[in-house]
Q: 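Handing you this structure, nothing more for now.
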Amino acid sequence: MNARLLTQGGFIEKQAAGIYNFLPLGLRVLGKVNNIIRDEMNKVEGQEIFMPVLHSREIWKATGRDQSMDGVLYRTRGTDDQEFVLGPSHEEVVTPLVKTFIKSYKDLPLAVYQIQTKFRNEPRAKSGVLRGREFGMKDMYSFHLTEEDLDAYYDRCKIAYTNVYERCGLKSYMIEASGGAFSDKFSHEFSILTPAGEDTILICDKCGAAQNIEIAQGKYAEPEDFGEDGKANAKEKPLPMKEVEAKRGPSIEAGCELHGCPAWKILKTVVYEVEDDGLVGICIRGDLQINELKVEKYFKKQIRPASPEMLKKAGLVQGFIGPVNMPAKVKISFIGDHSIKNVTNIITGANAKDVDIINVNIGTDYTVEDFADFVQVRGSFKCGKCGGALREEKAIEAGNIFKLGTKFTDAVSFTVTNKDQKQVPVFMGCYGIGNTRLVGTIVEACHDENGIIWPKSVAPYHVHLITLGNDEEATKKADKLYEELTEAGIEVLYDDRTDSAGVKFKDSDLIGLPLRIVISKRTLERDSVEWKERAPSTDGKPSEAKNVAFKDVVKEVVKFVKD
Ligand code: ATP
Ligand code: MG
């Protein structure tokens, strides 16, 4: 949607997939977005700099990212065979740069930022300016003597980021990011809700918490929440377990059908191959799904679902695997999701073809090596913090902040002298906002079927001044109003083309400036202009056009723009 509206409206023009020209209108919006970002970064003492795009390959080798980011790097070389990387990010440049100037604890903390073009070979560059191969980013880097100082600064940046989005007319949700499978909570994403988003996030309207579905935690229904059956189960006494014939398919649904029970009464065991650790069965309640990222985090290793061949080779019977009666010769361990604890007399496969075991109870009939949270949280769950209802929404990641610790400063041996004249490591944070993505995000969040609805703060112009017909008097008056508004500091886009009212109004809606002022022979008869706001009125209906007396127009426009 952003690509279509921005292109039709004359803001951008595609050069190739993920590569765009910014035209005069688009550049004005980008400039306004940049100035909002600048202002907020300056408020947290960021100092603006400008680093090169062309990076010597050597500095990328030094941090190991020449290899680890191989897939996204654009590389180039000149005639002398010296190799370069087109910067996808600037940690490799900024860290040695700051090291040159900062020698003592007295020089810290320091934060520098730039608004620069980045290059990334994105495999899926097809969402307009949301995912470019060449795109704009504000990237700030902060340097600290202690981890506590980094933490405090990081918290200030959270507020600065929220301010940026709010000033761009957007509501942002700050969410803990997964930061890759093996990392802990040291990064946050700022998400804007729109159906065009690539991410799915879960929002609790009661406490306001937002989470990425990839790592979300939440409360699932317990047996007693499942009506009479569940209530009965919660009171049920454990019965002796019993093998039963089970001619069925391998799915949970097939088990439900055969035993005439709901999915939550079945124990589901999914087998994974854990790097260097062999086979592990994750046991979870049959109605729930496993979040594999959580499994990877638990083992801090790569995992993959065991293939049917692998299961067979290990002596396991697909569709009938479970933690009870496992033949001693099979090498597998079991870890339980917490959800299996509260079901009495659960049903599982018996590790033999067409045999199930009913009335299985943990502790009495089987054990697992450990319990952990492996559950894939969905919108049907309740908030883990306050119990409120969750809803699943699509969102765009419009910014990202990280505590980098000493990863990059260690790579270039960047230390400072502390008060005791000892060399100590420097802690670093980085803070990114995709400014070109933000332009696209605003369009995704602020449009209707007729075009863009720019928030006043980032609109390329405040007023769309339109003349209709070729009335000489109207043109004269409009010329004069243009001069007066401009003198009053109002940014006016003046459409004095001879096209029809239909064409001009259609373009005006598409371009989406906050205020449309029309002057024609008819409005002059009442010594007024026609005033129409682009944004819907507070009840969500399109704003009505109204007449404003000529003598009041400048005053009213100044008031409108300031509000
Ligand atoms: P994504 O998960 O969307 O690929 P990322 O984690 O790679 O983002 P960072 O490297 O943290 O993003 O970059 C900081 C910000 O730059 C992001 O929050 C996003 O707003 C923006 N950004 C990242 N990649 C692109 C891109 N290809 N096109 C436009 N903006 C981007
Ligand atoms: Mg990326």
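Everything numeric in this text was worked out from a predicted model, so none of it was measured. Note that ligands are numbered from 1 as they come in the structure, with each ligand's atoms numbered from 1 the same way.
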Q: Find all atoms of ligand 1 within a distance of less than 4.0 Å from any non-hydrogen atom belonging to Gly132, and give their numbers and elements.
A: 26 (C), 27 (N), 28 (N), 29 (C)
Q: From atom 12 (O) of ligand 1, work out which of Arg437, Met137, Arg120, Glu189 has a heavy atom at the shortest distance.
A: Arg120
Q: Quick one: does ligand 1 sit under 4.0 Å from the side chain of Leu130, the backbone, both or neither, non-hydrogen atoms only?
A: backbone
Q: Which is closest to atom 8 (O) of ligand 1 by heavy-atom distance: Arg124, Arg133, Glu397?
A: Glu397
Q: Can you list the atoms of ligand 1 that are under 4.0 Å from a heavy atom of Gly399?
A: 18 (O), 20 (O)
Q: Side chains of Gln114 and His90: do they bring a donor and an acceptor to under 3.5 Å?
A: yes
Q: Is the Lys NZ or Arg CZ of Lys294 less than 6.0 Å from the centre of Tyr298's six-membered ring, within 45° of the axis?
A: no
Q: With distance as the sole criterion, is a donor-acceptor pair present between the side chains of Thr63 and Glu92 under 3.5 Å?
A: yes
Q: Is there any N or O on Glu122 that sits under 3.5 Å from an N or O of ligand 1?
A: yes
Q: Could Arg133 and Tyr74 be counted as a cation-pi pair, given that NZ or CZ must be under 6.0 Å from the ring centre and within 45° of the axis?
A: no
Q: Taking the inter-plane angle between the rings of Tyr431 and Tyr154 on a 0 to 90° scale, is it parallel (under 30°), tilted (30 to 60°) or perpendicular (over 60°)?
A: tilted
Q: Heavy-atom contact check, 4.0 Å cutoff: does Ile396 meet ligand 1?
A: no
Q: How about Tyr272 and Asp277: does a side-chain donor come under 3.5 Å of a side-chain acceptor?
A: no
Q: Name the option, out of Gly434, Ser191, Gly197, that contains the heavy atom nearest to atom 15 (C) of ligand 1.
A: Gly434
Q: For the residue pair His462 and Phe560, is the inter-centroid distance of their aromatic rings smaller than 6.0 Å?
A: no
Q: Evaluating non-hydrogen atoms only, which member of Phe135, Phe119, Phe190 is closest to atom 24 (N) of ligand 1?
A: Phe135
Q: Could you tell me if Arg28 sits above the aromatic ring of Tyr461, with its cationic atom closer than 6.0 Å to the ring centre and no more than 45 degrees from the axis?
A: yes
Q: If the cut-off is 4.0 Å to any non-hydrogen atom of Asn400, which atoms of ligand 1 fall inside it?
A: 6 (O), 11 (O), 18 (O)
Q: Could Asp337 and Arg285 be called an ion pair, given the rule that one side-chain N must be under 4.0 Å from one carboxylate O?
A: no
Q: Is Arg131 touching ligand 1 with its side chain, its backbone, both, or neither, if touching means heavy atoms under 4.0 Å apart?
A: both
Q: For Ala398, take its heavy atoms, then give the atoms of ligand 1 lying under 4.0 Å from any of them.
A: 18 (O), 20 (O)
Q: At a 4.0 Å cut-off, with the gap strictly under it, does some heavy atom of Ser89 reach an atom of ligand 1?
A: no
